[in-house]
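It should be emphasised that the depicted structure is a prediction, and the values quoted were computed from it without experimental measurement. Keep in mind that the numbers below use all heavy atoms, side chains included, and drop hydrogens, waters and symmetry copies.
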Amino acid sequence: MTKAVISNDLNAKIKSLVVVESPAKARTIARFLGPNFEVMASLGHVRDLPSGDLGVSIPDKFTPKYVVPKTKRKVVQDLKKSSKNVEQIYLATDPDREGEAISWHLVNAAGWENIPIQRVVFHQITDEAVQEAFAHPRDIDMRLVNAQQARRILDRLVGYQLSPLLWKKIQKGLSAGRVQSIALKIVVDREKEIDVFIPKEYWYLEATLSKSDSNSKDGTKPFIARLQSVKGNKVPLEIKSGVQVSELLEGLNGVKYQVSDVHKKEARSKPSPPFITSTLQQEAWRKLRFSANKTMRVAQQLYEGLSIGTEGPTGLITYMRTDSVEVAPEAIRSAVSYIKEHFGDEYVPKSPRKFSKKAKGAQEAHEAVRPSEVTRIPDSIRKDLNSDQFRLYELVWKRMVSSQMADAIYDSTRIDIDASGSDLKESYVFRTTGSVMKFPGYRALYLEDIDDPSDEDGQQSSIPDLYKGDNLNCSSLDSTQHFTKAPPRYNEASLIKKLEEEGIGRPSTYAPTLSTILDRNYVEKEQGRFNPTVLGKVVSEQLVNHFPDIMDIGFTAEMEHSLDEIARGEREWVPVLEEFYGPFKEALDNAVEDMPRVKVEEPTDETCEMCSKPMVIKTGRYGKFVACTGFPECRGTKQIKKPPLAKCPECEPGELVERRGKGRAFYGCTNYPNCTFTSLQMPVSESCPSCQGLLVVSKKDQTKCIKCGFEGSIELQEAEKADK
């Protein structure tokens with residue numbers, strides 16, 4: 001139990017008890033409250049549904065049977081003890097449905113029903129925000145509690161009844177859930193699209209052109225124009241074969257090229273809004289290669305407070321679980337002031353920008369994720385943060401400040417060129433486009449990344465100054481063959497984006513959902529993208545066949561909408577569960593009878609050394625392994641060989657590979673049993689620059705030599721392995 005007593009006078013009477021969720025948050029808040037407050041941390045939930053059974057009385061209107069887990073009994077005892085002599089209890093848990101439910105559970109677990117209870121909510125942990133929250137306390141909002149309670153019970157009904165079915169029909173250790181199963185289906189469906197995709201051939205035909213007037217300023221500067229269409233036909237010309245290319249090249253030999261149209265315009269690009277949870281996770285993956293879990297872990301540290309210089313524990317960003325792009329007026333004013341001072345008045349738009357939420361089902365009226373103080377420039381606190389904390393804070397800070405900067409302005413030009421000749425039956429139009437940045441605007445500070453960039457749009461940075469009627473010389477005609485590409489597999493950013501677009505899950509669910517489908521071996525990561533395993537495909541197929549509603553994206557999104565209605569007080573939570581459970585129970589009963597038993601196995605070329613029968617790849621609790629098809633009579637198994645990570649430090653030919661026992665992974669020598677070297681920390685392929693010893697991942701993005709203790713930063717590719 002972590003406790004922070006806010007008092008300079010040890011004899012002062014403690015009149016109020018404040019309960020938050022984490023020790024870090026307690027330490028930070030302790031700086032802002034007066035001497036008559038005691039701040040304690042509940043360490044998250046203190047009550048939950050029991051882990052051993054369903055814990056929901058379905059006939060009794062889905063009444064939950066909450067228990068205090070063994071790990072939280074001392075926490076509750078300490079809270080009860082500290083509350084005996086207080087006049088007031090303030091519950092300052094996180095400002096969302098989960099935090100509201102934790103406050104409600106605290107009251108019931110600690111028996112505080114007869115003590116004055118007030119709920120305080122703040123979206124950033126700063127002195128001003130905390131004092132404002134305590135000046136305007138409120139009651140616990142049971143609408144939010146019931147929305148969270150309904151979600152928890154709903155997920156328990158699905159998970160605790162579907163998972164045993166999967167154990168019986170497929171294999172032990174599997175799980176199913178409303179959001180995770182939809183996420184898996186999305187990945188599997190994309191793989192099906194890839195499997196059936198047939199590449200189609202297409203060609204580009206491009207002319208290298210220059211002005212005929214060599215005396216002009218840009219007279220000899222060549223540029224590229226791409227064949228666009230037959231003249232008079234607005235539909236783009238599709239070139240589908242090499243034969244068609246040859247015919248075009250022959251027909252275009254010796255033709256005249258003349259500018260037929262010049263279209264110039266000013267184009268503007270607007271900045272992206274400040275982060276919400278999903279966009280923060282997406283951009284942290286694109287720019288920093290942080291997993292969703294890592295992003296939320298580091299963001300939690302920045303929100304709850306870190307020791308900054310002489311300030312002490314300080315909250316650096318606003319609450320990181322949010323659907324809102326709203327920003328407090330004072331934060332906008334602070335950003336505008338910074339922009340004027342460091343970039344100039346021309347970088348400030350005429351009026352402050354206001355953004356609206358476009359995705360489905362925005363949850364609470366939170367703020368966007370932004371720095372708690374815009375004036376706290378990233379470089380000014382770099383020394384107080386570790387590498388991950390600094391990079392994520394810098395990302396949040398730049399995104400917020402850039403969102404209040406002026407548009408980027410471009411001069412955009414499109415030029416059409418006629419290719420005609422007496423021997424041609426029809427004339428052709430070539431086209432070139434180009435843009436030149438005239439004013440960088442927000443791009444002087446920040447530019448959002450994209451998931452799947454394409455370099456085949458034909459855009460050029462600049463083109464010569466051309467006018468209608470200009471004659472052009474053609475120095476070459478070149479053709480390039482291309483094939484249409486299958487849709488890419490989802491990465492962390494694009495899968496979260498898809499879930500958000502479809503209204504599946506909420507800010508708090510994205511990271512654990514992705515972790516679950518990885519941990520269950522339903523998907524694997526290949527070059528940062530999700531590839532469904534054979535097990536994942538089988539599970540998804542069986543769930544789709546027997547639980548079409550649960551696996552329907554629209555149905556699941558509508559259920560999220562119902563939970564939002566509960567949170568707004570528009571619906572009662574019990575009828576929502578009753579409406580869901582009837583059809584679900586019917587489908588469950590049918591699946592118990594109708595779902596076939598399925599063995600999830602992949603054939604191999606290996607034979608069992610014990611009985612000579614074929615061996616197959618199976619997926620168990622700790623991942624994939626090779627097993628004999630003669631099981632259970634023969635229990636021969638082998639580990640799947642994985643690529644070596646580093647040279648063994650104790651024997652010359654040996655290499656270190658990942659192995660798994662009855663727990664976490666470890667790393668051992670390939671010469672076992674002759675060499676028994678093992679490490680619980682992942683080896684790095686590079687040797688220690690100081691003594692050439694073995695480097696291992698020590699913490700986050702740091703490496704340490706096991707021989708001389710040298711510490712350094714890990715390379716990006718190794719960091720990605722560590723995240724996995």
Side-chain angles (χ1 to χ4, degrees), residues 151 154-155 158-159 162-163 166 170 174-197 276-286 291-293 295-296 323 358-361 450-452 485-561 563 584 587 600 619 724:
R151 175 187 289 280
L154 189 63
D155 289 341
V158 173
L162 275 189
S163 298
L166 296 181
I170 302 176
L174 303 183
S175 71
R178 290 185 315 112
V179 177
Q180 77 170 66
S181 298
I182 287 291
L184 173 61
K185 180 180 184 295
I186 289 171
V187 174
V188 171
D189 286 349
R190 175 56 56 88
E191 198 67 19
K192 290 178 181 178
E193 292 180 57
I194 295 171
D195 290 341
V196 301
F197 180 80
I276 59 176
T277 302
S278 60
T279 54
L280 175 62
Q281 292 172 345
Q282 292 168 47
E283 193 74 341
W285 166 256
R286 296 175 189 133
S291 67
N293 254 339
T295 298
M296 297 309 290
D323 283 336
K358 294 181 180 179
K360 300 177 183 177
I450 57 177
D451 294 323
D452 297 292
K485 296 178 181 179
R489 288 172 175 153
Y490 289 100
N491 57 28
E492 293 227 0
S494 57
L495 183 53
I496 289 172
K497 184 178 181 180
K498 176 69 172 177
L499 291 170
E500 184 191 29
E501 288 175 345
E502 297 291 350
I504 305 299
R506 284 298 178 261
S508 61
T509 65
Y510 299 132
T513 295
L514 270 54
S515 293
T516 299
I517 61 176
L518 278 166
D519 293 342
R520 293 290 183 269
N521 295 300
Y522 292 160
V523 300
E524 296 174 330
K525 268 190 178 181
E526 292 183 4
Q527 297 180 333
R529 294 185 179 271
F530 293 112
N531 182 22
T533 62
V534 173
L535 175 63
K537 292 177 181 177
V538 169
V539 169
S540 182
E541 180 182 9
Q542 293 302 317
L543 291 176
V544 168
N545 289 342
H546 297 278
F547 298 91
D549 284 347
I550 292 291
M551 299 299 284
D552 180 73
I553 290 176
F555 177 85
T556 304
E558 184 58 33
M559 182 57 65
E560 294 288 356
H561 180 65
L563 294 173
F584 171 71
V600 182
T619 304
K724 294 179 186 178

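- Atom-to-atom distance recorded for R520:CZ and S515:OG is 11.0 Å, nearest 0.5 angstrom.
- Within the 4.5 Å cutoff, side-chain heavy atoms of L518 are placed close to those of F530.
- Applying the side-chain hydrogen bond (donor to acceptor under 3.5 Å, both in side chains) definition to pairs two or more places apart or across chains, none involves residues 545-559.
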What verdict does the salt bridge (Lys or Arg N to Asp or Glu O under 4.0 Å) test give for E501 and K498, after you've listed the backbone C-alpha separation in whole Å, the side-chain angles of each residue and the deciding distance to 0.1 Å? CA-CA 5 Å; E501 288 175 345; K498 176 69 172 177; 5.5 Å; no

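- Here the OH atom belonging to Y490 is positioned 12.0 Å from the CG atom belonging to L514, to the nearest 0.5 angstrom.
- Residues satisfying the side chain to side chain contact (heavy atoms under 4.5 Å, CB included) test with N531, not counting sequence neighbours, are E191, R489, E526.
- Applying the salt bridge (charged side-chain N to carboxylate O under 4.0 Å, His left out) criterion to E541, with sequence neighbours excluded, gives no partner residue.
- Listed for the T509 side chain is a donor-acceptor partner under 3.5 Å among the backbone atoms of R506.
- The side chain to side chain contact (heavy atoms under 4.5 Å, CB included) search around A587 returns F547, not counting sequence neighbours.
- L174 places a side-chain heavy atom less than 4.5 Å from the side chain of L535.
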Under the side-chain hydrogen bond (donor to acceptor under 3.5 Å, both in side chains) criterion, do T516 and D519 qualify, and how do the steps go? CA-CA 5 Å; T516 299; D519 293 342; 5.7 Å; no

Run the side-chain donor-acceptor check on residues 177-189: report pairs under 3.5 Å with partners two or more places apart or on a different chain.
{"residue": "R178", "atom": "NE", "partner": "D155", "partner atom": "OD1", "Å": "2.7"}
{"residue": "R178", "atom": "NH2", "partner": "D155", "partner atom": "OD1", "Å": "3.3"}
{"residue": "Q180", "atom": "NE2", "partner": "S175", "partner atom": "O", "Å": "3.2"}
{"residue": "Q180", "atom": "NE2", "partner": "S175", "partner atom": "OG", "Å": "3.2"}
{"residue": "S181", "atom": "OG", "partner": "G177", "partner atom": "N", "Å": "3.1"}
{"residue": "S181", "atom": "OG", "partner": "G177", "partner atom": "O", "Å": "2.8"}
{"residue": "K185", "atom": "NZ", "partner": "D189", "partner atom": "OD2", "Å": "2.7"}

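- Minimum heavy-atom separation, I496 to A292: CD1-CB, 3.9 Å.
- Here the shortest heavy-atom pairing between A176 and L166 reads CB-CD1, 3.8 Å.
- Considering M296, R286, E492 as possible partners of Q281, the one that fulfils the side-chain contact (heavy atoms from CB on, under 4.5 Å) test is M296.
- Of the charged side-chain nitrogens involved, none lies within less than 4.0 Å of a carboxylate oxygen, so that E500 and K497 do not count as a salt-bridged pair.
- Applying the side chain to side chain contact (heavy atoms under 4.5 Å, CB included) rule to E193 yields the partners R190, P487; only residues at least two apart in sequence or on another chain are considered.
- Shown here for G528 and N491, the closest heavy-atom pair between the two residues is O-CB, 3.4 Å.
- Between F197 and A486, the shortest heavy-atom distance links the atoms CE2-N, 3.3 Å.
- Counting heavy atoms from C-beta on, the side chains of I504 and T513 never come closer than 4.5 Å.
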Yes or no on side-chain contact (heavy atoms from CB on, under 4.5 Å) for F584 and I550, after CA distance, side-chain angles and deciding distance? CA-CA 8 Å; F584 171 71; I550 292 291; 4.0 Å; yes

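- In this structure, T295 and W285 have side chains that are not in contact, with every pair of non-hydrogen atoms separated by 4.5 Å or more.
- With respect to R151 and E560, a salt bridge is recorded, a charged nitrogen being found less than 4.0 Å from a carboxylate O.
- Here the shortest heavy-atom pairing between S540 and M551 reads OG-CE, 4.0 Å.
- Under the 3.5 Å distance criterion, the side-chain polar atoms of S163 are matched with a main-chain donor or acceptor of G159.
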